[in-house]
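FYI, the numbering just counts along the sequence from 1. Predicted, not measured: the structure shown is a model, and the values here were computed from it.
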Amino acid sequence: MDELQSVLAFTRDITSSLSVKDVIASSVVQVGRILQCDHVFFFLKEDDTLRLVSSWRTSGIETCMDSRSVPVGRCLCGITAETRKPHYTQDLLTDPARAQEDCLK
C-alpha cells in the first residue's frame with residue numbers, strides 16, 4: 001500500500017505544474033523517497049559533459065556533482081552515462097567504482 005501511495009504522490013506532484021523545471025525537481029525528490037536512497041541526481045548530457053539539472057540528498061556528503069557538471073566517463077555519474085547502465089552503491093565513500101578521489105570533496 002505504501003508503494004501505491006508513493007506513486008499517487010509522485011503523479012500528483014508531477015502533474016501539478018506545467019514547468020519542466022518543477023516536474024524534474026519534483027521527480028527527483030519522489031524518486032529519492034520511493035527508492036529510499038541518499039542521493040538522486042538528474043543530468044542532461046550535452047556533448048561529452050553532464051550538466052546537473054536537479055538533485056536531492058538526505059546525507060551531508062558533498063560530491064563532485066556539487067560543481068554542477070562532470071565529463072562523461074569520469075566518476076560514478078560519468079561512468080553511468082558512458083555505460084548507460086544504472087549504478088547503485090551501498091556506500092559512496094568506499095565504492096570501488098569511484099575511481100577518482102575528486103568524486104568526493
Side-chain angles (χ1 to χ4, degrees):
M1 189 61 141
D2 287 340
E3 290 173 354
L4 290 176
Q5 288 176 333
S6 295
V7 171
L8 178 61
F10 182 52
T11 304
R12 228 183 275 135
D13 278 356
I14 64 171
T15 58
S16 67
S17 174
L18 295 178
S19 161
V20 172
K21 183 178 179 180
D22 290 345
V23 169
I24 291 170
S26 177
S27 297
V28 167
V29 171
Q30 291 298 333
V31 166
R33 289 182 179 154
I34 289 169
L35 297 179
Q36 298 178 353
C37 56
D38 294 328
H39 295 82
V40 176
F41 298 106
F42 188 97
F43 291 94
L44 290 180
K45 184 174 179 267
E46 297 172 338
D47 298 319
D48 290 334
T49 302
L50 300 175
R51 182 174 55 86
L52 181 64
V53 175
S54 186
S55 66
W56 180 80
R57 72 185 77 214
T58 59
S59 73
I61 297 173
E62 291 185 15
T63 69
C64 62
M65 297 320 111
D66 296 312
S67 67
R68 304 288 183 225
S69 67
V70 65
V72 171
R74 184 178 179 104
C75 298
L76 292 174
C77 295
I79 292 168
T80 300
E82 185 175 59
T83 62
R84 297 177 152 242
K85 294 179 182 176
H87 183 84
Y88 304 98
T89 183
Q90 291 292 323
D91 186 355
L92 182 63
L93 298 173
T94 61
D95 191 314
R98 182 186 57 83
Q100 291 82 16
E101 274 305 308
D102 58 349
C103 282
L104 298 173
K105 294 182 179 189

Exercise for the section: Look at atom CD of Glu46 and say whether more than 12 heavy atoms of other residues, nucleotides or ligands are closer to it than 6.0 Å. Expected result: yes

Practice task
Would you give the length of the straight line joining atom CZ of Phe42 to atom CG of Leu52, rounded to the nearest 0.5 angstrom?
Solution key: 10.0 Å

Completion exercise
Distance col, row Arg74:CZ vs Asp48:CG, nearest 0.5 angstrom, shows 14.0 Å

Taking all heavy atoms of [X] and all of [Y], pick out the closest pair and write down the distance.
X: Gly78; Y: Val70; result: N-CG1, 4.5 Å
X: Val72; Y: Thr49; result: CG2-N, 4.0 Å
X: Gly32; Y: Trp56; result: CA-CZ3, 3.3 Å
X: Ala25; Y: Ser54; result: CA-OG, 3.5 Å
X: Lys85; Y: Thr80; result: O-CG2, 3.1 Å

Can you hop from [X] to [Y] via hydrophobic side chains spaced under 4.5 Å?
X: Val20; Y: Val40; answer: yes
X: Val29; Y: Leu44; answer: yes
X: Val28; Y: Val31; answer: yes

Exercise for the section: For Ser26 and Asp22, indicate whether the former's side chain and the latter's backbone hold a donor-acceptor pair under 3.5 Å. Expected result: no

Exercise for the section: For Lys45 and Asp47, indicate whether the former's side chain and the latter's backbone hold a donor-acceptor pair under 3.5 Å. Expected result: yes

Fill in the blank from the handout: salt bridge (charged side-chain N to carboxylate O under 4.0 Å, His left out) filter on Arg33, not counting sequence neighbours, yields none

